[in-house]
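For ligands, and for the atoms within them, numbers begin at 1 and follow the listed sequence. One is the number of the first residue; the rest follow in order along the sequence. Scope of the values below: all heavy atoms of this structure, side chains included, with no hydrogens, waters or symmetry mates.
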Amino acid sequence: MSAVAGKVCVVTGAGSGIGRALAVTLAARGGRLALSDVDEGGLAETAALVGSDVHTARLDVSDRDAVAAYADAVAAHFGVVHQIYNNAGIAHSNTVLDSEYAEYERVFGVNLWGVIHGTKAFLPHVIASGDGHVVNVSSLNAFLAQKEMSHYCTTKFAVRGFTESLRAEMQDAGRRVGVTVVHPGGIKTNIATAALEEARASGLEITPADEARQRHYNEKLLKMDPTRAAEIIVTGVEADKPRVLVGSDAKAIDLLVRLLPARYPAVFRRIERLQAR
Ligand SMILES: NC(=O)c1ccc[n+]([C@@H]2O[C@H](COP(=O)([O-])OP(=O)(O)OC[C@H]3O[C@@H](n4cnc5c(N)ncnc54)[C@H](O)[C@@H]3O)[C@@H](O)[C@H]2O)c1
């Protein structure tokens, strides 16, 4: 039911990383693409990679009205929309104690509201296609909570709940709409660097520990090639999997948390200390 060939596929956050790789993979499997991002330069580079028959638009997924207008524009352009990949996302690091509410609002706006906006705006079109799919990109941080990541973890736990509720509703109503939540582990993208740059630009104090954390992510944790991640995601969508774990790290942590639901934080801290050596 969810094969990509000939389908109109929408990808948010397509100007970099997993979104760009999703665009390339979907195009290679015969999808017709609508790509968006706040980063118009990155988006243009992605569009150049996937060929000429591509709809592109600057879109901030945290802007509800803009996402609604965009969904109508894409539907009008293609006449139908089959698949929405709510992929755009940002990372952020700070303690709960030191965080301003504005930090939560910014991360929630993109990672959670962005997913809800994209889902609600495109769902009527996806249903109308008669063979549609909603794909929401969460994270291994939907089951693993980490210190100094409460903004990100809150959104990624929530995207999981939102998406699993939607799946139950689509099944209960007998809709021909697949729903997949994606939990990537560490993927080699710009996400950690972008988070540090954004924090610096917004005037937050960047400590040597913050810089070391970003280096640690880039050098040790974000390992899988985004192209491989996109192949796993699209293959999971084509198989109509309800959840797709991307990478052995995501699979191991999923298992760890289920085996030791109360003790995993202590075990994980030990693993982190070993990795930092
Ligand atoms: N890289 C990883 O290890 C990893 C792990 C788990 C989950 N994820 C998730 O994968 C998704 C893609 O992240 P990535 O790793 O490719 O990061 P990335 O930084 O390489 O790409 C994210 C893209 O989203 C865009 N974006 C940011 N704010 C936006 C907004 N308001 N509206 C529209 N676009 C916006 C950025 O411009 C960028 O092009 C995110 O949801 C992220 O949380 C990534």
Side-chain angles (χ1 to χ4, degrees), residues 10-25 34-47 56-64 66-67 70 84-93 105-118 121 135-144 146 149 151-160 162-163 181-198 201-202 214 216-230 232-233 243-251 253-254:
V10 179
V11 184
T12 68
S16 172
I18 296 172
R20 171 173 294 172
L22 280 171
V24 171
T25 302
L35 308 177
S36 64
D37 203 294
V38 281
D39 173 7
E40 289 176 286
L43 186 61
E45 284 173 26
T46 303
T56 57
R58 185 195 183 278
L59 178 72
D60 178 350
V61 295
S62 69
D63 182 338
R64 184 173 306 163
V67 177
Y70 173 69
I84 167 74
Y85 292 75
N86 289 302
N87 162 76
I90 54 175
H92 185 65
S93 175
E105 279 160 5
R106 194 173 67 79
V107 179
F108 288 12
V110 182
N111 292 9
L112 178 55
W113 279 113
V115 169
I116 297 174
H117 294 158
V135 185
N136 290 337
V137 179
S138 174
S139 166
L140 60 72
N141 289 118
F143 31 86
L144 171 76
Q146 287 176 259
M149 288 180 64
H151 331 71
Y152 189 78
C153 292
T154 300
T155 61
K156 295 301 183 177
F157 272 65
V159 165
R160 176 184 174 190
F162 174 77
T163 309
V181 60
V182 180
H183 301 290
I187 316 297
K188 211 173 183 44
T189 72
N190 198 42
I191 193 163
T193 303
L196 196 71
E197 282 170 2
E198 172 60 35
S202 64
Q214 181 230 354
H216 178 63
Y217 266 82
N218 282 340
E219 289 165 13
K220 297 209 166 156
L221 300 183
L222 307 185
K223 284 196 163 157
M224 182 186 280
D225 191 285
T227 301
R228 178 75 192 120
I232 292 168
I233 295 167
R243 74 198 290 253
V244 174
L245 297 167
V246 184
S248 51
D249 48 357
K251 287 179 187 162
I253 285 169
D254 179 46

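- Look at Gly42 and you'll find every heavy atom at least 4.0 Å from all atoms of ligand 1.
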Practice problem: Report the C-alpha distance between Asp37 and Arg58 in whole Å, list the side-chain angles of each, state the deciding distance to 0.1 Å, and finish with yes or no for side chain to side chain contact (heavy atoms under 4.5 Å, CB included). | Solution: CA-CA 5 Å; Asp37 203 294; Arg58 185 195 183 278; over 6 Å; no

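- For the pair Ser62 and ligand 1, the shortest N or O to N or O distance does not fall below 3.5 Å.
- The distance from the CZ atom of Arg20 to the CG atom of Asn190 is 10.0 Å, given to the nearest 0.5 Å.
- Atom CG of Asn111 sits about 6.5 Å away from atom OH of Tyr152, to the nearest 0.5 Å.
- Using a 4.0 Å cutoff on heavy atoms, Leu59 counts as a contact of ligand 1.
- For the pair Ile18 and ligand 1, the shortest N or O to N or O distance falls below 3.5 Å.
- Atoms of ligand 1 lying under 4.0 Å from at least one heavy atom of Tyr152, given by number and element, are 6 (C), 7 (C), 8 (N), 9 (C), 42 (C), 43 (O).
- Around atom 40 (C) of ligand 1, the closest heavy atom drawn from Val137, Asn111, Asn87, Val159 belongs to Asn87.
- The shortest heavy-atom distance from Met224 to ligand 1 is not under 4.0 Å.
- Between Arg243 and Asp254, at least one side-chain N (NZ, or NE/NH1/NH2) sits under 4.0 Å from a carboxylate O, which counts as a salt bridge.
- Under a 4.0 Å criterion applied to the non-hydrogen atoms of Ala88, ligand 1 contributes the atoms 24 (O), 33 (C), 34 (N), 35 (C), 41 (O).
- Residue Asp60 has at least one N or O atom closer than 3.5 Å to an N or O atom of ligand 1.
- Protein heavy atom at the shortest distance from atom 13 (O) of ligand 1 is Ile191 CD1, 4.0 Å.
- Comparing Asp39, Asp37, Leu22 by heavy-atom distance to atom 36 (C) of ligand 1, the nearest is Asp37.
- Judged by distance alone, the side chains of Arg160 and Ser138 never bring a donor and an acceptor atom under 3.5 Å apart.
- Between Phe157 atom CZ and Leu144 atom CG the span is 7.5 Å, to the nearest 0.5 Å.
- Between atom CG of residue Leu221 and atom NZ of residue Lys188 there is a gap of 11.0 Å, rounded to the nearest 0.5 Å.
- Protein heavy atom nearest atom 24 (O) of ligand 1, with residue, atom name and distance: Gly13 CA, 3.6 Å.
- Residue Val110 touches ligand 1 through its side chain alone, judged by heavy-atom distances below 4.0 Å.
- The closest protein non-hydrogen atom to atom 22 (C) of ligand 1 is Gly89 O, 3.8 Å.
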Exercise. Could you check His183 against Val244 for side chain to side chain contact (heavy atoms under 4.5 Å, CB included), going step by step and ending with a plain yes or no?
Key: CA-CA 6 Å; His183 301 290; Val244 174; over 6 Å; no

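- Considering backbone and side-chain N/O of Val61, one or more are found under 3.5 Å from N/O of ligand 1.
- In the model, Thr193 has a side-chain atom that pairs as donor or acceptor with a side-chain atom of Asn218 under 3.5 Å.
- Test Asn136, Ile116, Val182 against Val159 for side chain to side chain contact (heavy atoms under 4.5 Å, CB included) and you get one pass: Asn136.
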Quiz item: Can you list the steps and then say if Asn141 with Gln146 is a side chain to side chain contact (heavy atoms under 4.5 Å, CB included)?
Solution: CA-CA 8 Å; Asn141 289 118; Gln146 287 176 259; 2.9 Å; yes

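- Contacts between Lys156 and ligand 1, counted as non-hydrogen atom pairs separated by less than 4.0 Å, involve the side chain only.
- Among the atoms of Gly185, some N or O lies under 3.5 angstrom from an N or O of ligand 1.
- In this structure, Glu198 and Arg106 have side chains that are in contact, with non-hydrogen atoms separated by less than 4.5 Å.
- Using a 4.0 Å cut-off between heavy atoms, Ala14 makes no contact with ligand 1 at all.
- Between the choices Thr189, Ile90, Asn190, the shortest heavy-atom distance to atom 27 (C) of ligand 1 belongs to Ile90.
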Exercise. Under the side chain to side chain contact (heavy atoms under 4.5 Å, CB included) rule, what do Ile187 and Val246 come out as? Steps first, then yes or no, please.
Key: CA-CA 9 Å; Ile187 316 297; Val246 184; 4.0 Å; yes

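- Annotation: atom 35 (C) of ligand 1 to nearest protein heavy atom, Val38 CG2, 3.5 Å.
- Between Val61 and Ala88 the shortest heavy-atom distance is CG2-CB, 4.0 Å.
- Atoms of ligand 1 lying under 4.0 Å from at least one heavy atom of Gly186, given by number and element, are 3 (O).
- Smallest separation of non-hydrogen atoms from Gly114 and Asn86: O-OD1, 4.1 Å.
- Ranking protein heavy atoms by distance to atom 3 (O) of ligand 1, first place goes to Ile187 N, 2.7 Å.
- When only non-hydrogen protein atoms are considered, atom 6 (C) of ligand 1 lies nearest to Pro184 O, 3.4 Å.
- Remark: minimum distance from atom 20 (O) of ligand 1 to any protein heavy atom is reached at Ser16 OG, 2.6 Å.
- Looking at ligand 1, you won't find any N or O of Leu222 less than 3.5 Å from one of its N or O atoms.
- Applying the 4.0 Å criterion to heavy atoms of Gly15 picks out, from ligand 1, the atoms 39 (O).
- Set against the non-hydrogen atoms of Gly17, the atoms of ligand 1 under 4.0 Å away are 16 (O), 20 (O).
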